[in-house]
Protein chains: 2
Amino acid sequence: MAMSSKDPIDIWLRAEQGSAGRKPEHSRASIVQAAVKIADDQGIEAVSIRKVAAAIGAGAASLYRYVKSHDELIELMLDEISGEYVLDPANGAEGEAPQRALLDLARQGRQIMRRHLWSAPLFLSQPSMGPNSLAYLDFALSILQETSLESSAKLRTAAMLTAVTSAFVQNELPLHPGANHSPVDASARAAYMAQVLPTDAYPALAAVMAEELAPVNLDMEFEKIIGTYLQGAGLSERK
Amino acid sequence: MAMSSKDPIDIWLRAEQGSAGRKPEHSRASIVQAAVKIADDQGIEAVSIRKVAAAIGAGAASLYRYVKSHDELIELMLDEISGEYVLDPANGAEGEAPQRALLDLARQGRQIMRRHLWSAPLFLSQPSMGPNSLAYLDFALSILQETSLESSAKLRTAAMLTAVTSAFVQNELPLHPGANHSPVDASARAAYMAQVLPTDAYPALAAVMAEELAPVNLDMEFEKIIGTYLQGAGLSERK
DNA sequence: TCTAATTGCGAACACTGTTCGCAATTAACG
DNA sequence: CGTTAATTGCGAACAGTGTTCGCAATTAGA
């Protein structure tokens, strides 16, 4: 009441607006979905207010009736795809080892980030607080409930789990044929490497590159990395 | 020779330009340093071509004589601060355990990212190829040389090491007093949490938040996280 | 001295996020 | 039923962005 400015974070509280007035022609959900589709197809940088507005057949300024800012739109997008997690309570069952349940969560996260390539870096920098993100966090914490970790350690373990997943996805992408969102394309990088390596300025790097890179099984690597990370996190001891 | 367009990635090859002509009033190094300073003070979003140009007393368009694009400037910034690593050969000595040497590297990385807060997310998304970045990579690989890992595993271990470090720094920042680069400020988030938690929609989260969060020793957590990650990476076996 | 190459940079273009003001629409109230 | 108040849609405008172009200024070598 006494606050001079409206609450800055009504993002997740703001209801879909009350009774009187012209009825809205769009919805926040459809806008976010359109934005996600654009990001999937053309990269995150293509997600501009004007393009999203055009995608749903609206004027640019109209979007601000549903979304407060561009940053908020991106936060909504992140929460949207966080809804793709399948939080099956069977995975959190008491019988299950926490490791397995968390590994499953990480697997899902990897798939989600691969479906939405733009999201991998963002999951790192943006600690989202939307309902889907909170549901995910809550689920991960419920799994960790069975361990003897301190609550702060639980929180960080959950956060680091998605962080490591995001890092892995980020690193596995260049090895794949897919799209090329790098500032400079990969072929140029390769040519550059070939030109700079013989300088024997980077002997260890040259040695590694010299070996024929056996086609890596990324799935197995992922399992191993997450598995060993969880093992190291000290979940083994039951409460 | 037959290439129609100039090589796209002369970023690191382009010499500081030959003999004849007006002598440059600036240098790529000074530009990058100015950009880093701006990012340190005002955040990465404040690093615009015009602001950097103004900082060194130049016209906006002049920057393009030293830097090909905004993206390239940021890549140069990343390589610049990668030069802050102290790659002491003593750490890579054969007697040292690889784990210790890599842990030291991660410690340095953490400090660098804390000095340049904007860099933590970027280290994730941008696989830089500048001389300093390559020197760092080469050093890490030379440490891993003593292990029995496959070369692809070596590469990914090195990449994941900085990735995990970046993730940790990203997660430890909100716990610190420092600057606030989040889309919405932390106090608002806290208020929101307080309002949404009693909904008992997130019981595990509520349970964790209820416990008094003992002031965490971030340094110790870092050591543990990196240590256990390296332990799981399978470095233990000597070659 | 002339020539060729290089830098500096104002001006412009195509974008971007965001705000403002106003017309159009709708629900509720008297 | 008419009036009022609230809400949406959105064209226009503003400030800021990355980038390109053309030209003047400067410099080294022929």
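Here is the naming used below: chain letters follow the sequence lines, and residue numbers restart at 1 for every chain.
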* **Residues in salt bridge (Lys or Arg N to Asp or Glu O under 4.0 Å) contact with B:Asp104, at least two apart in sequence or another chain** => none
* Identify whether any heavy atom of B:Ala58 sits under 4.0 Å from a base atom; if not, whether one sits that close to sugar-phosphate; answer base, sugar-phosphate or nothing. => sugar-phosphate
* Asked: Whole-Å distance between D:dG16 P and B:Lys51 NZ?
  -> 8 Å
* Does B:Glu80 have any salt bridge (Lys or Arg N to Asp or Glu O under 4.0 Å) partners at least two apart in sequence or in another chain, and if so, which? -> none
* Those residues that, when tested against B:Arg50, pass salt bridge (Lys or Arg N to Asp or Glu O under 4.0 Å) (two or more places apart) -> none
* Atom pair OG1/CD of A:Thr165 and A:Gln170 - distance to nearest 0.5 Å -> 12.5 Å
* Asked: What integer distance in Å separates B:His26:NE2 from C:dT7:P?
  -> 12 Å
* Spacing of B:Leu73 atom CG relative to D:dT17 atom P, expressed in whole Å -> 13 Å
* Contact pattern, 5' to 3', of nucleotides 18-27 of chain D - B, S or - by protein heavy atom under 4.0 Å -> BBB-B--BBB
* Rounded distance (Å) that lies between atom P of D:dT8 and atom CD1 of A:Ile56 -> 13 Å
Between side-chain atoms of residues 132-139 of chain A and protein atoms elsewhere (two or more places apart, or another chain), which donor-acceptor pairs fall under 3.5 Å?
| residue | atom | partner | partner atom | Å |
| --- | --- | --- | --- | --- |
| A:Asn132 | ND2 | A:Asp79 | O | 3.0 |
| A:Ser133 | OG | A:Asp79 | OD1 | 2.8 |
| A:Ser133 | OG | A:Ser128 | OG | 3.2 |
| A:Asp138 | OD1 | B:Ala204 | N | 2.8 |
| A:Asp138 | OD1 | B:Leu205 | N | 2.8 |

* To do: With sequence neighbours excluded, give me every side chain to side chain donor-acceptor pair (under 3.5 Å) pair touching residues 116-125 of chain B.
  => B:Asp40-B:His116, B:Asp40-B:Trp118, B:Glu84-B:His116
